[in-house]
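Excluded from the calculations below are hydrogen atoms, water molecules and symmetry mates; all remaining heavy atoms, backbone and side chain alike, are included. What you see is a predicted model; the values in this text were computed from it and never measured.
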Amino acid sequence: MELTAQFTAEACGGGLRGPGDIVFKGVSTDSRTTAPGELFVALDGPRFHGEDFLPAAMARGAAGALLARPVEGLPADFPVVVVEDTLEALGALANAWRRALNPIVVAVSGSAGKTTTKEMTAALMNGAAPVLATEGNKNNLVGLPQTLLRLRPEHRFAVVELGMNRPGELLRLTEIAAPDAVVMTNIGNAHIGNFGSEECLVRAELEVLDALDGHEVVFFNADCPVLSAHLRQAEAPFLLTPFGREAISQVGIEDVSPIDPVGYRMVLRVGEERRALELPLFGEYQVSNVWAAASVAHYYGVGIDRIASRLGNFTAPALRSDAEWIGGVLVVKDCYNASPDPMLRAIASFRKLRGVKRRFALLGDMYELGEFTARFHEVVGRAAAEGGLDGLFAVGEHTVDTVREAARGGLLAVHCADSTEAARLLASELREGDALLVKGSRANRLEQAVERLRAGLAAADMLEVDAT
């Protein structure tokens, strides 16, 4: 298969001007990073037209363009496909390419745990067969097509992530991916402010099922009450496969126990076979991610030994519950995304850390909560006060409510002007053997606080050396 201008025009239902036999080496939506030989897709923004960036893309070697408006004066040998909506056309092109190459596509959806579950699943499948996986969290209406358009004939599997923050988005993403298998991690309260009610949020999360035609297998977390309530009694045309403690299935996780200071020992069961493994990750919620990934891998024929071995060597994606010793302090960095349920689960797991002296938290804002913003930040503050912490530091507009509630519960709680101040205060407070949980939305850029803290702890070590 080749991604030609003619294929692009037919997939998008657009009009082709120029040669149809030009083969594109890839697809770009950003004129700043367009590579020679790629198709440039001119996406519109709130304040610009994508065609404005076509000259820059051509200067970088674009071999063709997908446009919503004709552009005059282009070379005759430069193919252009004109469509009504370039974002819609990008999805259609990705879907056509996915169907042409026809790998087995596994799509991961849910309120939390998607990226780690996606990475685990891809790690278990890779080696058994060539696998393409979503890079980072490119899980929206631009990122998903970009992933699918990186498919090559050698890829037998694709593991993609589906994210959403408004009604209708998940339905369209599922239509584009046309998955053979869907993994539903959970349904919580992420982005609830964009939906107005829990009922509307649940309906949007379940849209993934509306786009299925019946041949698929759906793996769902039976320990999530919302998913169980909607799926256990569903008269679905697709195969429903539950996983979790509340499920009866071929794959089980038994005898889970913590490792000092981070990680969990467990026994993986597949049928009657059992293998011990140690998962080097922070957070009890990781067990559900393991269960999901192992269930998918087993379904597609990956053996128990490979599953156990790969999980034992799995490393967390950056800023997603990855733990690091910095200057004698155990720092758990979980600051890529934040919503109420994952925030509470992280605090609950953090209080159970063993082998550390004191526990502190650096928390940031949670966004897209709408009218529930103050309430959920207060809930987190109360949980921190009840969670066995020795101190709470916070940055962000909404964490004022978190700090106030934590202080009411008797916890040392400080609201910081920014991450620089938080890092400075923490560097003076933390001691060797302590632990720090860093949790908040990416907009707070708490990873910058970690880097400043790294420098601050190093400076503190130097002062101690000089003093002695």
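Defined by atom type and a distance below 3.5 Å, a donor-acceptor pair is present between the side-chain atoms of Arg452 and Thr420. Donor-acceptor pairing under 3.5 Å is lacking for the side chains of Glu207 and Thr174. Side-chain polar atoms of Asn221 and Asn186 form no donor-acceptor pair below 3.5 angstrom.
With Phe238 as the partner, the side-chain contact (heavy atoms from CB on, under 4.5 Å) test is satisfied by one option alone out of Leu209, Asp213, Val182: Leu209.
Note on residues 281-294: pairs passing side chain to side chain donor-acceptor pair (under 3.5 Å), not counting sequence neighbours, are Thr117-Asn289, Glu284-Lys352, Tyr285-Ser321, Tyr285-Asp334, Gln286-Asn289. Within the structure, salt bridge (charged side-chain N to carboxylate O under 4.0 Å, His left out) pairs that include any residue of residues 303-322 comprise Arg275-Asp305, Asp322-Lys333 (at least two apart or interchain). Pairs of residues two or more places apart, or lying in two chains, that qualify as salt bridge (charged side-chain N to carboxylate O under 4.0 Å, His left out) and include a residue from residues 179-196 are Arg98-Asp180. Residue pairs satisfying the salt bridge (charged side-chain N to carboxylate O under 4.0 Å, His left out) criterion with at least one member in residues 367-380, sequence neighbours excluded, are listed as follows: Glu378-Arg404. Residue pairs meeting the ring pair (Phe, Tyr, Trp, His ring centres under 6.0 Å) criterion with at least one partner in residues 146-183, sequence neighbours excluded, are Phe157-Tyr300. Sorted by first and then second residue, the side chain to side chain donor-acceptor pair (under 3.5 Å) pairs with a member in residues 388-399 read Thr399-His415; sequence neighbours excluded.
One distance of note links CZ of Phe282 with CG of Leu437; it measures 5.5 Å at 0.5 Å rounding. Once rounded to the nearest 0.5 Å, the distance linking OG1 of Thr147 with CD1 of Ile176 reads 11.0 Å. Remark: Leu453 CG to Glu429 CD distance equals 12.0 Å, nearest 0.5 Å.
Put simply, the side chain of Ser295 never gets that close to the backbone of Phe243: no donor and acceptor are under 3.5 Å apart. Side-chain atoms of Ser441 come within 3.5 Å of backbone N or O of Asp365 as a donor-acceptor pair. Counting only distance, with no hydrogens or angles, the side chain of Asp434 and the backbone of Val329 share no donor-acceptor pair below 3.5 Å. Proximity of a side-chain donor or acceptor of Asn189 to a complementary backbone N or O of Asp341 within less than 3.5 Å is detected.
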Residues 245-254 side chain polar contacts: donor-acceptor under 3.5 Å, at least two apart:
| residue | atom | partner | partner atom | Å |
| --- | --- | --- | --- | --- |
| Ser249 | OG | Val251 | O | 2.9 |
| Glu254 | OE1 | Arg274 | NE | 2.9 |
| Glu254 | OE2 | Arg269 | NE | 3.3 |
| Glu254 | OE2 | Arg274 | NH2 | 3.1 |

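Remark: Lys114 pairs with no residue by the side-chain hydrogen bond (donor to acceptor under 3.5 Å, both in side chains) rule, at least two apart or across chains. Applying the side-chain hydrogen bond (donor to acceptor under 3.5 Å, both in side chains) rule to Glu447 yields the partners Arg442; only residues at least two apart in sequence or on another chain are considered. Applying the side-chain hydrogen bond (donor to acceptor under 3.5 Å, both in side chains) criterion to Arg152, with sequence neighbours excluded, gives no partner residue. Looking at residues two or more places apart in sequence or on another chain, you find a salt bridge (Lys or Arg N to Asp or Glu O under 4.0 Å) between Arg265 and Glu278. Remark: Lys357 engages no residue in a salt bridge (Lys or Arg N to Asp or Glu O under 4.0 Å) (not counting sequence neighbours).
The two residues Asn194 and Asn165 have their closest heavy-atom pair at ND2-O, 2.8 Å.
Residues Lys439 and Val380 are not in side-chain contact: their nearest non-hydrogen atoms beyond the backbone lie 4.5 Å or more apart. Contact annotation: the side chain of Val438 approaches that of Leu436 to within less than 4.5 Å [non-hydrogen atoms, C-beta and beyond].
Counting non-hydrogen atoms of other residues, nucleotides and ligands closer than 6.0 Å to CD of Glu199 gives a total of 12 or fewer.
In this structure, Phe7 has its ring center at least 6.0 angstrom away from the ring center of Phe24.
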